[in-house]
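All of these numbers come straight from a predicted model, not from anything done at the bench. Worth knowing before you read on, the calculation uses all heavy atoms, side chains too, and leaves out hydrogens, waters and symmetry mates.
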Amino acid sequence: MSSTVTARTLLARYAADVAFVTEEQPATTLDELAEQTGTAAERLEAAGIQGAEDLDTAAAALAAASITHLPDQAAHLRHAARHLTATTDMVDEYRLMV
């Protein structure tokens with residue numbers, strides 16, 4: 001992940017994968033991504049997929065980012081990004097299970 005993390009980059013990179021797990025349309029806002037990421041964490045954890053707790057942490061950081069402004073928002077987005085890095089791998093594992 002590059003050093004510049006924006007809401008747009010996180011949405012572009014993770015919204016579709018998260019939406020697959022939540023069975024919703026991909027998020028278009030930080031609020032939606034935070035909510036869906038939390039739901040995805042619960043479902044991935046219930047499926048026994050390791051690392052799902054990282055999505056809980058990411059969801060909290062995304063929720064915080066959605067209500068703050070720069071420069072604090074950037075810090076929350078970077079924190080979320082660190083915990084979202086394995087999302088695609090977790091969702092790929094989940095796809096094989098469903």
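No side-chain donor-acceptor contact under 3.5 Å links T85 to the backbone of A81.
Remark: D72 engages no residue in a side-chain hydrogen bond (donor to acceptor under 3.5 Å, both in side chains) (not counting sequence neighbours). Residues that satisfy the side chain to side chain contact (heavy atoms under 4.5 Å, CB included) test with D92, not counting sequence neighbours, are T88, R95. Take E32 and apply the side chain to side chain contact (heavy atoms under 4.5 Å, CB included) test, not counting sequence neighbours, and it matches A27, T28, T29. Judged as a side-chain hydrogen bond (donor to acceptor under 3.5 Å, both in side chains), and not counting sequence neighbours, the contacts of T6 are T9. Checked against side chain to side chain contact (heavy atoms under 4.5 Å, CB included), H83 has the following partners two or more places apart in sequence or in another chain: D54, T57, A58, H79. In this structure A60 satisfies the side chain to side chain contact (heavy atoms under 4.5 Å, CB included) test with no other residue, sequence neighbours excluded.
Residues M97 and L55 are members of one and the same hydrophobic cluster, defined by side-chain heavy-atom contacts under 4.5 angstrom among Ile, Leu, Val, Met, Phe, Trp and Tyr. When the side chains of ILVMFWY residues are joined at heavy-atom separations under 4.5 Å, either directly or via intervening members, M90 and V98 end up in a single hydrophobic cluster.
In this structure, CZ on R82 lies 11.0 Å from CG on L77, to the nearest 0.5 angstrom.
The two residues D56 and G38 make their nearest non-hydrogen contact at OD1-O, 4.2 Å. Residue L84 comes nearest to T87 through the heavy atom pair O-OG1, 2.6 Å, listed as atom of the first residue, atom of the second, then distance. What you find for A34 and L62 is that their closest heavy atoms are CB-CB, 3.7 Å. Residues A65 and Q73 come closest through the heavy atom pair O-NE2, 2.9 Å.
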Under 3.5 Å, which donor-acceptor pairs do the side chains of residues 42-52 form with other protein atoms, sequence neighbours left out?
{"from": "R43", "atom 1": "NH1", "to": "V21", "atom 2": "O", "distance (Å)": "3.0"}
{"from": "R43", "atom 1": "NH1", "to": "T22", "atom 2": "O", "distance (Å)": "3.1"}

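Pairs engaging residues 60-71 under the side chain to side chain donor-acceptor pair (under 3.5 Å) rule: D31-S66 [sequence neighbours left out].
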